[in-house]
Q: 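I'd like to ask some things about the structure below.
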Amino acid sequence: MLELRYLRDHAETVRRAIRAKQLPEALASLDAVLLADEQRRLLRGDLEALQARRNAASREIGARKQRGEDAEELIREMGEVAAEVKRLEERDASLEAQLRSHLLEIPNVPHESVPYGESEHDNVVVGEHGERLDGAGMRPHWELAEGRGWFDLQAGVTLTGAGFPVFRGAGARLVRGLAAFFLDQLGRQGYEEIAPPLLVNAASATATGQLPDKEGQMYEVSGGFYLIPTSEVSVTNVHRDAILDEDELPLRYCAFTPCFRREAGSYGKEVRGLNRVHQFDKVEMVQFVRPEDSYDALEEMTGTAEGLLEALGLPYRRLLMCTGDMGFTQAKKYDLEVWSPGQERWLEVSSISNMEAFQASRLATRARPGGVDGRGRPRLVHTLNGSALAFPRTIAALLETYQREDGSVALPEALHAYVGTDLLA
RNA sequence: GGAGGGUUGGCUGAGUGGUUGAAAGCGGCGGUCUUGAAAACCGUUGACGGCGCGAGCCGUCCGGGGGUUCGAAUCCCUCACCCUCCGCCA
């Protein structure tokens, strides 16, 4: 969330940001925060004066009793003060709770380099790599897989419901190979591998920004837990409520996990095959960096994800998300889309974002200059995350791009050792 | 699941109702000494919020929440986590 002090000093900037992000309902939240803040500061003036009086009187009572003097009158007097203090404290607590809940409803402010836009149509293509294959005669991945049994959508429907594909045989091996390939690549670039819990509590989901505003996107299970919609949630919360050593930044983590998303309201060709599913695998990158380094880190991470697509020989393009399409928590976000020749459309396989301090303030993740024992004041870190990469659409593009006349798929060389074959037949 | 013990500042660890924001030690920072360093010695050293140009003043914080009291780190309730023992499971 944005910090209260920032909100007080930059209310207009935040109003513009809210409008640019197409979240007008947050304007009321901002007003509510500013009002509650003002009321609270007034209240605290009275409250603290009263507390000071009580503290002084209590000391005096203690002193008198020690001298064996009578303090009955003062005690009676303080009884009234104590009741008033209690009343004001309750009012203060209620204002603070209001403040906090509305604060959580205010989105992050886009970076100045982010273009204004109302929807996905206003995103800007900032680079394209590789030559798109002509779609003539190319089959979509679901037809290819159907013939060879690499994944079984019907079985998933039986087991669970639509959007839960069952990978099998060479398809399952491809999943495992891709995971190992991605993780190895990231490991080489200094990312520490994490195998996190797949269930998180509400505090974790709130810290990374899934709650309270995107509740409907997560599966909630009994015990008050949520299935992670991305390992960003698990991995970023590893340092919740922590003071890091600023000299040890950046911290780079990666994780291979399933992700669970309700994706309510999607239909039609958007969801054919592996285009959009409720459970999918993804390798995620997460970084904790010093504030002044976060935009360099964003470029670096995006480059890393692009490197994976290049290693797989898949044509892709990079999009800079406009203000209206970038999401609640982000300050700047790139999407990578891979070319799907069998469908003749672009498929989003990665999304890399800089949250600046937005998550860090909810996480209370700070870093102290000069080490944990140092004397410097801790300050909020910046957090970033990005997919490297999401599996189903990567697999779709791989199958379609490398398909042969007979419906088999010749894998790119980078995967041969990982999948244990150069051909899915 | 049952019984007991514990959770205090960056760390170890005192403190069981009244100048305790908290002893002591370690660590950190500054200094003396030294060619330099170590050792020794001296000083200093929590966070957050509010007010003030400033020196400074006020408030809150001893795992979380609630209660008793004029006053709570200290008493009561509750929750979480850790440790020990018993049971159960792998």
Q: Rounding to the closest angstrom, what is the interatomic distance between B/U8 and B/C88 at atom P?
A: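 That atom pair is separated by 34 Å.
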Q: How long is the line joining CD of A/Glu96 and P of B/G59, in whole Å?
A: 19 Å
Q: Going by an N to O cut-off under 4.0 Å, is there a salt bridge joining A/Glu60 and A/Arg64?
A: yes
Q: Taking only residues two or more places apart in sequence or in another chain, which ones pass ring pair (Phe, Tyr, Trp, His ring centres under 6.0 Å) with A/Phe167?
A: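 Only A/Phe151 meet the ring pair (Phe, Tyr, Trp, His ring centres under 6.0 Å) criterion with A/Phe167.
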Q: Sticking with atom C1', work out how far B/C11 lies from B/G28, rounded to a whole angstrom.
A: 11 Å
Q: Output the rounded distance in Å from CZ (A/Arg59) to P (B/U20).
A: 10 Å
Q: Answer yes when A/Glu3 and A/Arg5 have at least one side-chain N-carboxylate O distance shorter than 4.0 Å, and no when they do not.
A: no
Q: To the nearest Å, give me how far apart CZ (A/Arg64) and C1' (B/G17) are.
A: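 In whole Å, B/G17 C1' and A/Arg64 CZ are 19 Å from each other.
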Q: Without decimals, in angstroms, what is the distance between A/Glu48 CD and B/G50 C1'?
A: 5 Å
Q: Rounded to whole angstrom, note down the P distance from B/C62 over to B/G66.
A: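 After rounding to an integer number of Å, I get 12 Å for this pair.
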Q: Quote, to the nearest angstrom, the C1' distance that separates B/G52 from B/G59.
A: 15 Å
Q: CD of A/Glu60 versus P of B/G71: gap in Å, rounded?
A: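 In whole Å, B/G71 P lies 16 Å from A/Glu60 CD.
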Q: So what is the 5' to 3' dot-bracket string for RNA chain B, if pairs are Watson-Crick or G-U wobble with both distances under 3.5 Å, crossing pairs use [ ] and | means the partner sits on another strand?
A: ((((((((.[[[..)..(.....]]]((((((.......))))))((((((....)))))).[[[[[..)....]]]]])))))))....
Q: Write down the distance separating the P atoms in B/C81 and B/G67, rounded off to the nearest Å.
A: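 Straight-line distance between the two P atoms is 24 Å.
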Q: Check every atom of B/G18, B/C51, B/C58 against the side chain of A/Arg41 and return the nucleotide holding the closest atom.
A: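 So the side chain of A/Arg41 is nearest to B/C51.
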Q: Name the nucleic acid region contacted by A/Ala57, choosing base, sugar-phosphate or nothing; use a 4.0 angstrom heavy-atom cut-off, strictly under.
A: nothing
Q: What's the gap between B/G13 and B/G27 when it is taken at their C1' atoms, as a whole Å value?
A: 14 Å
Q: Rounded to whole Å, how long is the line connecting atom CD of A/Glu80 with atom C1' of B/G71?
A: 16 Å
Q: Identify all side-chain donor-acceptor contacts of residues 174-182 of chain A below 3.5 Å with residues at least two apart in sequence or on another chain.
A:
none

Q: Just by distance, do the side chain of A/Arg318 and the backbone of A/Val126 share a donor-acceptor pair under 3.5 Å?
A: no
Q: So which one's nearest nucleotide on RNA chain B is more toward 5', A/Gly79 or A/Arg53?
A: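 Checking each residue's closest nucleotide, the 5'-ward one belongs to A/Arg53.
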Q: CG of A/Leu88 versus P of B/G59: gap in Å, rounded?
A: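 The distance from CG of A/Leu88 to P of B/G59 comes to 15 Å, rounded to the nearest Å.
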Q: Determine the Euclidean distance between corresponding C1' atoms of B/U45 and B/G71; express it in Å to zero decimal places.
A: 30 Å
Q: Check the distance between B/G17's P and A/Met78's CE and give it to me in whole angstrom.
A: 24 Å
Q: If you check every side-chain atom of A/Lys86, which of B/U19, B/C70, B/U68 has the closest atom?
A: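 Nearest to the side-chain atoms of A/Lys86, counting from C-beta on, is B/U68.
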Q: Taking only side-chain N and O atoms of A/Arg54, does any of them lie within less than 4.0 angstrom of OP1 or OP2 on B/U60?
A: yes
Q: Restricting to ring pair (Phe, Tyr, Trp, His ring centres under 6.0 Å), what partner residues turn up for A/Phe164, sequence neighbours left out?
A: A/His278
Q: Can you tell me which nucleotide in B/G67, B/C70, B/G59 comes closest to the side chain of A/Arg44?
A: B/G59
Q: Not counting sequence neighbours, list each pair that qualifies as a side chain to side chain donor-acceptor pair (under 3.5 Å) and has a residue in residues 151-162 of chain A.
A: none
Q: Please tell me if A/Arg5 has a side-chain N or O lying less than 4.0 Å from either OP1 or OP2 of B/G49.
A: yes
Q: Parallel, tilted or perpendicular, judged at 30° and 60°: which one describes the rings of A/Phe260 and A/Tyr219?
A: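 Answer is perpendicular, since the angle exceeds 60°.
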Q: Answer with base, sugar-phosphate or nothing: what part of the nucleic acid does A/Leu74 contact at a heavy-atom distance below 4.0 Å?
A: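 Since no nucleic acid heavy atom lies under 4.0 Å of A/Leu74, the category is nothing.
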Q: Is the phosphate of B/U60 approached by A/Asn55 (side-chain N or O, under 4.0 Å from OP1 or OP2)?
A: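 It does, given that an N or O in the side chain of A/Asn55 lies less than 4.0 Å from OP1 or OP2 of B/U60.
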Q: Could you work out the separation of B/G21 and B/C61 based on their P atoms and round it to a whole Å?
A: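 About 11 Å, rounded to a whole number of Å.
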Q: Given B/U60, B/C51, B/C70, identify the nucleotide with an atom nearest to the side chain of A/Gln51.
A: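 It is B/U60.
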Q: Would you tell me if any nitrogen or oxygen in the side chain of A/Arg76 comes within less than 4.0 Å of OP1 or OP2 on B/U69?
A: no
Q: Can you sort out the partners of A/Arg148 under side chain to side chain donor-acceptor pair (under 3.5 Å), two or more places apart, ordered by chain and number?
A: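 A/Arg148 satisfies side chain to side chain donor-acceptor pair (under 3.5 Å) with no other residue.
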